[in-house]
Every structure is written in structure tokens, then in C-alpha cells.
Engineer: 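Quick one: the structure is below, and I'll ask about it shortly.
For the numbers below, each heavy atom of this structure counts, side chains included, while hydrogens, waters and symmetry mates do not. Start at 1 and go down the list; that is how both ligands and their atoms are numbered.
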Amino acid sequence: MLRPNIAVLAPYSSARDEYSGHEAHVFLDANENPYNAPYNRYPDPLQRELKQAIARVKQVPADYIFLGNGSDEAIDLPYRCFCRPGVDNVVAIEPTYGMYRVCADINDVEYRPVLLDDNYQFRADELLAACDEHTKIIWICSPNNPTGNSLDRNEILKVVDQFQGIVIVDEAYIDFSRQLSFRFELKQHPNLVVLQTMSKAWGCAALRLGMAFASPDIVHIYNKVKYPYNLNLLTQQQAMKAISDTVSTDKWVRMILGERGRLVEAFAELPICLKVYPTDANFFLARVTDAQAIYDYLVERGVIVRNRTRVQLCHNCLRVTIGTRSENSELLAALRQYNA
Ligand SMILES: *Cc1c(COP(=O)(O)O)cnc(C)c1O
């Protein structure tokens, strides 16, 4: 599966890789400044302490965890590890999160989108039929962005079982759904990678911390290719705090889900609303009478939603993130005053 140059790669070996014990007390190995603790020291390149904490919360062994500078890093790395530019390709559902295509384009890897059906579901056979001997990765996002729905679990498992390459399931929104995470399938499926993030339910988008759960073989490759100190100390410290405070996260998720129910119900009653699609995420997709005009009207009022009208299968659709109760009420009030 690996690109030949990655298979033979001798990774950079930092001072912190060569000596990582805690017993020593004089560190003269990394050309650091001895003053300004703790920021003078390079952070742990493998984020061991943080991974132990995440392993406990996520119930995944620490050696099955890769941590990246946002999911962005965990989306870019598989291209750099597995895909030969100009030769290999990847397959993905469409519509979905835009970063899979951007990273394919940057890495000069062919991107093969396979259109979802009218219910935003997919069939494993269609994804598999789009693959050839140069297909290295299949991208599946569930709950999907921008549609909001979870994809059929058995179809996903079928893809993982039958595809010879890497299947990446992006679960950025899993905490807002009742679906069982695919991270519990890793032992049976060494070709599976599951992405999660601290940017949504954990309320830490500014920290830039994405998680990839995968077999230790894949984690090892990612660790070889990543920048040595990809997670800075501040992020590691703040993430330790966030991960040890599951009470806040659970409370936020409950409030967001409560508001989601209220907002979806009220939105569906608006004259401008043609359909609200089922959602398992902290946002919903709605088809409206005129997405561009309504988007522009809301911008005038200082309320920003995402206009997805130019996305395939999303004509005249707006994607609305669930905010606080008062934010959601402000959106509804503005839309009730809208005159087409
Ligand atoms: C928001 C989102 C992410 C999160 O990306 P980060 O880089 O971790 O902030 C990942 N995947 C999808 C599908 C998303 O919508």
C-alpha cells in the first residue's frame, strides 16, 4: 500500500526521540534555551501523556491513536503516505466534506466522487465499482457533512471488508449521533482509519487537535511522515484539560441536541422551508425557496449560515449550525420576517 519512497523513508530523529526518559535532570541535547520554562522545551513528539488520557476516554489502546494538527493533518497524511502523485486515485461519496478533494488536488491525486442517492445514502457496490488497481483510499463521512445524516452501517462495513486499500471513516460529528463508532471495529479491520476531532462536541476548534484511530502499523507510518512536533505544548496541555472534563462536553452535547430538536421543528414550519433533512450532527441541511436570497438577507441581519446551493444534490440548500438558544431564536425571528 505504501508509496515506495515512504516505505524506505528514514524519518527525522529528534533529540526528544533519542532520549525520552524522565530520570535525567540536565538536558543539553536539543539546543534549547535553559530559561523560560516550560515553553523553552520541545514538546513530546508522540504526545504520550495525552494519548493515554484519550485512550481511557475513547476506550481505544494508545498505540491505535494518532494525533494531528486538526483532522486536516489526518486527512492530508494518508495521501502523502499511500498515494503516488499522478498515478494513484481515491474514491469518495459526493457530496461530502471538501477537504478530501482539496488534499487530493494538492497532492496531485485523482479524486473520484460517487454521487449519493436522493436520501443521501450510498451503496457499497457503487463505491467499489469506482475503484481500480490504483485506488488507495475510500473516503466515507458519517454523519456526513453537509447532509447531516449517518450513512448505512452495513454498507460501510461491506466497503471495509471488500476493499483492498484503506477505508477512512470521518466521524467528526459522532458525538451528536446515537450510532456506534467504527473505532470499535479496528481490531477486526486493519485497513480501517476512523477520524474524530476536538473541534465539534469538545468545543476546542481553536486548539487544532484531530484524532485518527487505526492499526498500529498505520499509526507508525503516520508518525514517520508527520512533522516531528506537530502538536504544540499549549494544545497538548489544553487538550488534557478538555479530555478530563467529559462533564462539560456531555452537557454541551445535551444542550445542542435539545436545541436541534427545537430549531428543526420551528424551521420546518417557516414559509421559506421546503424540507429539513434528517440529521445526526450539530447542524442540519434544509431546502428552502431561494437559498441565495435568504442567505443574503440573513447576512444583512448579521446572521451567517452556510449556503450550499452550488453543491451537488444540495440545490437551494442551507446548512445551519445549532447555536445557543438565543442565537437560534434570532435566526428564527429573522426568517419569520423574511418576505420573498
Ligand atoms: C468540522 C469537520 C472536521 C474537523 O476538522 P478539524 O481540522 O479537526 O477542525 C473534520 N471532518 C469533517 C467532516 C468536519 O465537518
Side-chain angles (χ1 to χ4, degrees), residues 47 50-51 54 57-58 65-80 90-104 106 111 113 116 120 122 137-151 156 166-177 179 181-183 192-214 222 226-227 230-232 234-236 238-239 242-243 249 252-253 256 260 277 279-285 304-308 311-314 317-323:
Q47 308 102 16
L50 180 54
K51 280 180 187 167
I54 291 175
V57 170
K58 296 290 182 179
I65 302 174
F66 167 83
L67 300 181
N69 188 331
S71 306
D72 294 333
E73 183 176 9
I75 291 169
D76 189 48
L77 269 176
Y79 287 104
R80 299 167 63 205
V90 305
V91 166
I93 57 168
E94 176 82 7
T96 193
Y97 188 45
M99 278 303 286
Y100 316 141
R101 186 196 287 271
V102 171
C103 288
I106 290 169
Y111 186 81
L116 297 171
Y120 298 139
F122 81 109
I137 299 167
I138 295 180
W139 291 99
I140 296 172
C141 183
S142 181
N144 192 21
N145 179 4
T147 61
N149 61 306
S150 297
L151 298 184
I156 296 175
I166 307 285
V167 179
I168 306 182
V169 180
D170 187 342
E171 294 185 336
Y173 300 98
I174 190 77
D175 302 288
F176 303 104
S177 88
Q179 303 290 319
S181 171
F182 276 92
R183 73 180 187 275
L192 175 64
V193 178
V194 177
L195 302 185
Q196 293 189 9
T197 177
M198 297 201 77
S199 297
K200 308 286 158 61
W202 292 88
C204 291
L207 293 190
R208 309 309 303 131
L209 179 53
M211 300 162 257
F213 303 108
Y222 284 10
K226 77 181 183 76
Y227 289 148
N230 60 328
L231 282 204
N232 68 69
L234 294 170
T235 293
Q236 293 190 48
Q238 283 302 120
I243 205 85
T249 303
W252 295 330
V253 168
I256 290 166
R260 183 178 78 186
Y277 287 93
T279 179
D280 263 343
N282 67 334
F283 63 85
F284 63 89
L285 190 74
I304 315 299
V305 297
R306 199 85 198 268
N307 182 6
R308 299 283 74 188
V311 171
Q312 280 205 74
L313 299 183
C314 297
C317 286
L318 298 175
R319 193 193 70 188
V320 181
T321 306
I322 311 300

Engineer: First locate atom CG of Leu67, then atom CD of Glu73, and finally report the distance between them rounded to the nearest 0.5 Å.
Structural biologist: 9.5 Å

Engineer: Can you name the residues that come within less than 4.0 Å of ligand 1, going by heavy atoms only?
Structural biologist: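 Contacts of ligand 1 under 4.0 Å: Gly70, Ser71, Asp72, Tyr97, Tyr100, Cys141, Asn145, Asp170, Ala172, Tyr173, Thr197, Ser199, Lys200, Arg208.
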
Engineer: Can you check side-chain contact (heavy atoms from CB on, under 4.5 Å) on Asp175 and Lys200, steps first, answer last?
Structural biologist: CA-CA 9 Å; Asp175 302 288; Lys200 308 286 158 61; over 6 Å; no

Engineer: For Pro78 versus Trp139, what's the shortest heavy-atom pair and its separation?
Structural biologist: CG-CH2, 4.1 Å

Engineer: Is the ring pair Tyr100/Tyr97 parallel, tilted or perpendicular, if the boundaries are 30 and 60 degrees?
Structural biologist: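 Ring orientation of Tyr100 relative to Tyr97: perpendicular.
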
Engineer: Can you sort out the partners of Phe213 under ring-ring contact (aromatic ring centres under 6.0 Å, His included), two or more places apart, ordered by chain and number?
Structural biologist: none

Engineer: For a quick test of reading the model, state the closest non-hydrogen atom pair linking Leu209 to Leu50 and the distance between them.
Structural biologist: CD2-CD2, 4.0 Å

